[in-house]
Amino acid sequence: HENLKAFPENFLWGAASAAYQVEGAWDVDGKGVSNWDKFVRIPGKTFKGTNGDVAVDHYHRYKEDIALMAEMGMKTYRFSVAWARIFPNGSGEVNEKGLAFYNDLIDELLEHNIEPILTIYHWDLPQALQDKYGGWESREIVEDFRNYCITLYKAYGDRVKYWVSLNEQNIFTRLGYQTAMHPPGVKDDKLFYQVNHHASLANAVAIKEFRTYVPDGKIGPSFAYSPAYAATSKPEDILAAENAEELSNHWWMDVYAWGEYPKASWEYLERKGLAPQVEKGDFALLKEGKPDFMGVNYYQTTTFEKNPLDGVTMEGTFNTTGKKGTMEDTGIPGLFKTITNENLERTNWDWNIDPQGLRIGLRRITNRYGLPILISENGLGEYDKVEEDGTIQDGYRIEYIRTHLKAVQEAITDGVEMIGYCVWSFTDLLSWLNGFQKRYGFVYVNQHEEGEHDLRRIKKKSFYWYKEVIESNGENL
Ligand code: BG6
């Protein structure tokens, strides 16, 4: 590997989390109710009815968690702000105690020389806005989002220099409006594209305002990028993969980078009567929202083949069983259909393990958009076991992260400009639909659906390994 370029000197080695998945304290210190607080209470929605009321209690234990981050030598920590902590009703009066919490969290990070990366929106919408006008279903949200963003910029912009606008717009809208697995639990294709248009406008507004309030900062969205592969070299499968890359990836990234929808996808949606309603000035605004970097959440590639006109739809569900082989195929009739890629190993939740796919994806983004890239998430969700001696031997996680980091280094060698790499996640946390059985952390948290759950933190084998990776700036992968 002597031909590989080294990681940049100031590379941001880190880990990420999201408010709802770690904080708990769901109704503490004036916080309002979020869409997730409500959704998880509907019977049957999550694994054993798990919710984030307590999560891993990061709200009360952030100092302990940050001390562990410092012990590991982490350079950056990506966390999200719960909108309903700042504005319990989504708009209106600010909740000072909510502002104070993140203020303290940011100071604590800086004291430990950890660069904060703040995600403005990681899926927990104030329920009041869902009730008032349907949340993302209405253009009204753009102004409330603007106000929320400006509040955060004014409060934290002096110290926080890296910001993520929306986390995985493609996923929260897909699961919220196509598969109905996330709030608000709707299946409506037309609405799905409309909601996305509003979210893209909100994203652009967030970036536009950022230039005024945090002129020396950097901001970008985090896109859940699953690069498309073709199942075979049959031209119809290649076309299916092209269709998928365009409608499932470029549909968002082109809007972020260029303020434009990709042509063939737009024409297709127009023909089907599914294209979003666009108002005068929208495209001009979208073009003003050019990000400083593309945030990439990478977990896997997806492989496609031709889908007949009466074929499968996007309604299919993801594997939430934790048993391999229970993933359903999805697709758009006439355009594409997913298939299992037999060349790849899979996790127990049927997520492909494909480090090369990361290198491919990073190069595609670089070639198409020319933006620097922050890997805002990458990691392995698996069952972990505490051994008799109290250790957690998660060699499988080390192998996953090591091979993906190698792919990042290869991409750097290929000329990709990388800002940093955040592992999902630092501590174990609530996996939205899968409870605490599907774990991602370097730090085990004794939290379960049933039985003992004293929330104590235990460093996993991967903790010590990543510490060394950081210390050596990734030299010995
Ligand atoms: C990303 C999200 O989609 O994947 C995270 O940004 C999420 O919030 C992560 O937890 C892993 O997904 P899951 O379903 O395994 O928890």
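Counting starts at 1 for both ligands and their atoms, following the listed order.
Here atom 4 (O) of ligand 1 lies nearest to Tyr299 when heavy atoms of Tyr20, Tyr299, Trp424 are compared. By heavy-atom distance, the residue among Arg439, Lys438, Glu377 lying nearest atom 1 (C) of ligand 1 is Glu377.
Listed by number with element, the atoms of ligand 1 under 4.0 Å from a non-hydrogen atom of His122 are 2 (C), 5 (C), 6 (O), 8 (O). Below 4.0 Å from some heavy atom of Trp432 lie the following atoms of ligand 1, by number and element: 5 (C), 7 (C), 8 (O), 10 (O), 16 (O). In the vicinity of Asn434, heavy-atom distances shorter than 4.0 Å reach the ligand 1 atoms 14 (O). Of all the atoms in ligand 1, the ones that sit under 4.0 Å from a non-hydrogen atom of Glu168 are 1 (C), 2 (C), 3 (O), 6 (O). Annotation for ligand 1: atoms under 4.0 Å from non-hydrogen atoms of Trp351 are 11 (C), 12 (O), 15 (O).
With Asp384 as the fixed residue, the salt bridge (Lys or Arg N to Asp or Glu O under 4.0 Å) test singles out one of Lys460, Lys438, Arg439: Lys460.
For Asp124 against Val81, the heavy-atom pair with the smallest separation is OD1-O, 4.2 Å. In plain terms, the two heavy atoms of Ser376 and Arg78 that are nearest each other are O-NH1, 3.0 Å.
Ranking the protein heavy atoms by distance from atom 15 (O) of ligand 1 puts Tyr440 OH, 2.5 Å first. Among protein heavy atoms, atom 10 (O) of ligand 1 sits closest to Gln21 NE2, 2.9 Å. Taking atom 13 (P) of ligand 1 as the reference point, the nearest protein heavy-atom neighbour is Ser431 OG, 3.3 Å.
Side-chain atoms of Glu168 do not come within 3.5 Å of backbone N or O of Ala224 as any donor-acceptor pair. Side-chain atoms of Arg359 never come within 3.5 Å of backbone atoms of Pro355 as a donor-acceptor pair (strictly under, hydrogens ignored).
Checked against the 6.0 Å centroid criterion, the rings of Trp258 and Tyr369 qualify as a close aromatic pair.
Side-chain contact check for Tyr20 and Ser80: no donor-acceptor pair (N or O, by modelled atom type) lies under 3.5 Å.
Heavy-atom separations between Asn167 and ligand 1 include at least one value shorter than 4.0 Å. Under a 4.0 angstrom heavy-atom cut-off, Phe318 registers as lying outside contact with ligand 1. Residue-ligand proximity: Trp349 is placed with every non-hydrogen atom at 4.0 Å or more from ligand 1.
Sparse packing is recorded around NZ of Lys461, with 12 or fewer heavy atoms of other residues, nucleotides or ligands lying under 6.0 Å away.
Checked for salt-bridge contact, Arg368 and Asp254 meet the test: a charged N lies under 4.0 Å from a carboxylate O.
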